[in-house]
Amino acid sequence: MKKFLLLLLCMTSAMLSAWAQYKLSGKVISSVDKQPVAGASIGIKGTTQGVATDQSGNFSIEYKSPSSVLTISSIGYESREIPINGRKEINDIELLSTSTGIGEVVVVGYATQKKKDLTGSVAVVDMNNLKSQPSGQVAIQLQGQASGVTVISSGQPGDAPQIRIRGINTFGNNTPLFVVDGVPTQDISTLNPNDIASMQVLKDAGAASIYGSRASNGVIIITTRAGRGKVSIHYDAYYGSQVPRNGNVFNVLTPQENADLKWMALKNSGATSFNDALYGNGSTPVLPDYISPVGAKEGSSAVDPSKYILNPDFTSADEFAGFYQITKANKTGTDWFHEVFNPAPISSNNLSVSGGSDKGAYYFSLNNFNQQGMLDYTFLNRYSLRSNSKFNFSKDISIGENLEYTISSNRGTPNTGDDNPIYNAATMPPIIPVYDIAGNFGGAHGTDMFGYNPVAHQYRMRNNKQLNNRLLGNVYADITFLKDFTFHTSFGGESYSGTSNSFSYPVYEGYLPSTTNSYTEGSTSGYNWTWTNTMAFRKTFNTVHELNVLVGTEAYDAESENVGGTTFGYFSFDPAFTTLSSGSGTVSNYSGKTTE
């Protein structure tokens, strides 16, 4: 009996403990001005319990366990978690503001302003969020970082994305103006993201008007890093893998479903009998054993391997006319998407050295970004070297420079037309295999099907390449005199050049075959420079009123040239011997020049 009473007492105690309710009250305030935070969400972690603070920031909430954790969140503030530890009251819970400080200094036009003084629409990009995305393109990292800014990327390594500020403004060029360390440019694809210190987006006419008509699509101002303090050496690196989507990405039909769809279309058009070279003449379509010869069955003399004739490196139409290709039907279906898209590595290595004192400052960096495209045979390999330095001759006179040199090699693929491998992967019939019985490429040639083998296209462009180099930056000087006047002069710009080469192979397996071959080579070069001179007057009256006046002049000049040619009729496709002068066919060339 005593044991029973003891057990009953223990169970009663446990039940009372399980159903016990504790009460906690407190007050939430801002860490900035110590004022109450009204409407803050108060909850108990791991439960659905929740209340909101009143106009005075006060709250009261019940909880079940002394070890519970209190959660506090509010728009514009950082969320907090506080262990209760059995307490009944927690006063003055401070929340840190997440909004950009109104006293923050931002770069606007040819000068700087405090954010509270801005009258135009300016977005300040959070650099920590920007760099959380591993990419070699600053523009791609900008996606989602500023309201009203849209980034459209093809996904190709090295392909500069399109940036739109507040939509499309014209039927012509919608690219915004980029200003890097005071140097206007139309291209930021070569910038090393690790070198960027700040970024502002001028979105409306009022904010960007100082740059004139070239700022009609908005302005993105980028400032690169500067050294400060003791000597600092940083090494940053990452390595990862890009993985394409799994499954039936394009939601394509199986070979049998394609055949059934064709029969359905024929019936819906009024056909009562069927006679199809590929699927037969029955009431239901039958998948063939071979697509070349069209509709051939296993065991037929038409598919005797001894009849096979094909030279993938043929050089004449007469030779092509004598081909006899034998290609088995892939009745289970070819997954064309995953034939050309595969996991690919991406890596970045960045080394920087910086430091500074009252005599000057410096920042040097070396970066290698290497991205293999998920689309076969595409890549970007870029090296960049940056040197930013500033020297103070006195407290009133300083000179400096911001220079970056990049060299990059990449291989892309066409975005439109029959040469677009993504379009071909989506439209190529799945009954067609990647290779024929001899290991050469399979295709739609000789059938009534449409399509081009995307695997063949990517393989044939494996030796195509672009090589580019670019020097971007400026040198500048600042002189302060009469206490309130500052003269600033900057001479900057860019010098660039690039070469490209590609070989067009004959295509024997395509829906529309090509019996010609050609080699194309081209080069571009150019420069632009901007010389800016400004005089600024800045004075504060009675520690309250501030007067800023800026006057200046700017000169700009640009020139670019391109030259190239194409030659047809090569008897050898070896890239070591294909030049514009080694072909035997028609030769064409071009050249162009632009100035601004």
Side-chain angles (χ1 to χ4, degrees), residues 277-278 290-296 301-329 339-340 376-377 411 413-414 416-421 423-424 427-429 432-465 500-522 564-590:
L278 196 63
Y290 290 83
I291 63 169
S292 180
V294 179
S301 61
V303 296
D304 182 357
S306 64
K307 294 183 176 182
Y308 185 94
I309 302 174
L310 195 149
N311 172 21
D313 294 334
F314 69 97
T315 58
S316 69
D318 291 339
E319 186 178 5
F320 172 76
F323 287 171
Y324 190 90
Q325 189 174 15
I326 303 174
T327 308
K328 280 189 174 183
E339 289 292 341
V340 291
D376 290 346
Y377 299 106
R411 182 186 302 123
T413 194
T416 59
D418 292 338
D419 287 335
N420 185 337
Y423 170 78
N424 290 331
T427 58
M428 189 72 165
I432 300 176
V434 179
Y435 304 102
D436 65 13
I437 64 168
N440 294 312
F441 292 115
H445 176 60
T447 72
D448 63 353
M449 295 182 288
F450 172 84
Y452 295 89
N453 190 328
V455 178
H457 175 270
Q458 292 304 105
Y459 177 78
R460 288 172 177 141
M461 58 162 278
R462 67 192 183 279
N463 293 316
N464 299 351
K465 188 180 294 185
S500 63
N501 62 76
S502 63
F503 192 87
S504 178
Y505 287 80
V507 177
Y508 54 85
E509 80 288 343
Y511 169 72
L512 294 175
S514 170
T515 60
T516 62
N517 63 73
S518 63
Y519 173 75
T520 301
E521 187 173 318
T566 300
T567 302
F568 290 82
Y570 288 83
F571 293 101
S572 171
F573 301 163
D574 187 338
F577 299 101
T578 49
T579 66
L580 290 176
S581 58
S582 60
S584 61
T586 304
V587 179
S588 62
N589 53 61
Y590 67 88

Criterion ring-ring contact (aromatic ring centres under 6.0 Å, His included) against Tyr505, the qualifying member of Phe441, Phe573, Tyr459 = Phe573

By ring pair (Phe, Tyr, Trp, His ring centres under 6.0 Å), which residues pair with Tyr508, not counting sequence neighbours?
-> none

Would you please name every residue forming a side-chain contact (heavy atoms from CB on, under 4.5 Å) with Asp574, sequence neighbours left out?
-> Ser572, Ala576, Phe577

Report yes if some heavy atom in the side chain of Asn463 is under 4.5 Å from a heavy atom in the side chain of Phe503; otherwise report no.
-> no

List the steps, then state whether side-chain hydrogen bond (donor to acceptor under 3.5 Å, both in side chains) holds for Asp318 with Ser316.
-> CA-CA 5 Å; Asp318 291 339; Ser316 69; 5.3 Å; no

Are Phe323 and His445 close enough that their ring centers fall under 6.0 Å?
-> no

Please examine the side chains of Asn517 and Pro506, heavy atoms only from C-beta on, and report whether any two atoms are closer than 4.5 Å.
-> yes

Shortest non-hydrogen separation from Ser502 to Asn464 and the atoms involved = CA-OD1, 3.2 Å

By side chain to side chain donor-acceptor pair (under 3.5 Å) - contacts of Thr447 (at least two apart) | none

Could you tell me whether a side-chain N or O of Arg462 sits under 3.5 Å from a main-chain N or O of Tyr377, the two making a donor and an acceptor?
-> no

Here the side chain to side chain donor-acceptor pair (under 3.5 Å) pairs for residues 433-444, sequence neighbours left out, are Tyr308-Asp436, Tyr308-Asn440, Gln325-Asp436

Main-chain N/O of Phe314 paired to Glu319 side chain as donor or acceptor, under 3.5 Å = no

Side chain to side chain donor-acceptor pair (under 3.5 Å) partners for Ser301, two or more places apart | none

Any side-chain heavy atom of Phe320 sitting closer than 4.5 Å to one from Pro513?
-> yes

Do Tyr452 and Leu512 come close enough that some side-chain heavy atom pair is under 4.5 Å?
-> yes

Without swapping roles, check the side chain of Asn453 against the backbone of Val434 for a donor-acceptor pair under 3.5 Å.
-> yes

Are side-chain heavy atoms of Ser584 and Phe571 found at a separation under 4.5 Å?
-> yes

Please name all residues satisfying ring pair (Phe, Tyr, Trp, His ring centres under 6.0 Å) with Tyr519, sequence neighbours left out, ordered by chain then number.
-> none

Evaluate side chain to side chain contact (heavy atoms under 4.5 Å, CB included) for Ile291 paired with Leu278, printing each intermediate quantity in order.
-> CA-CA 7 Å; Ile291 63 169; Leu278 196 63; 4.1 Å; yes

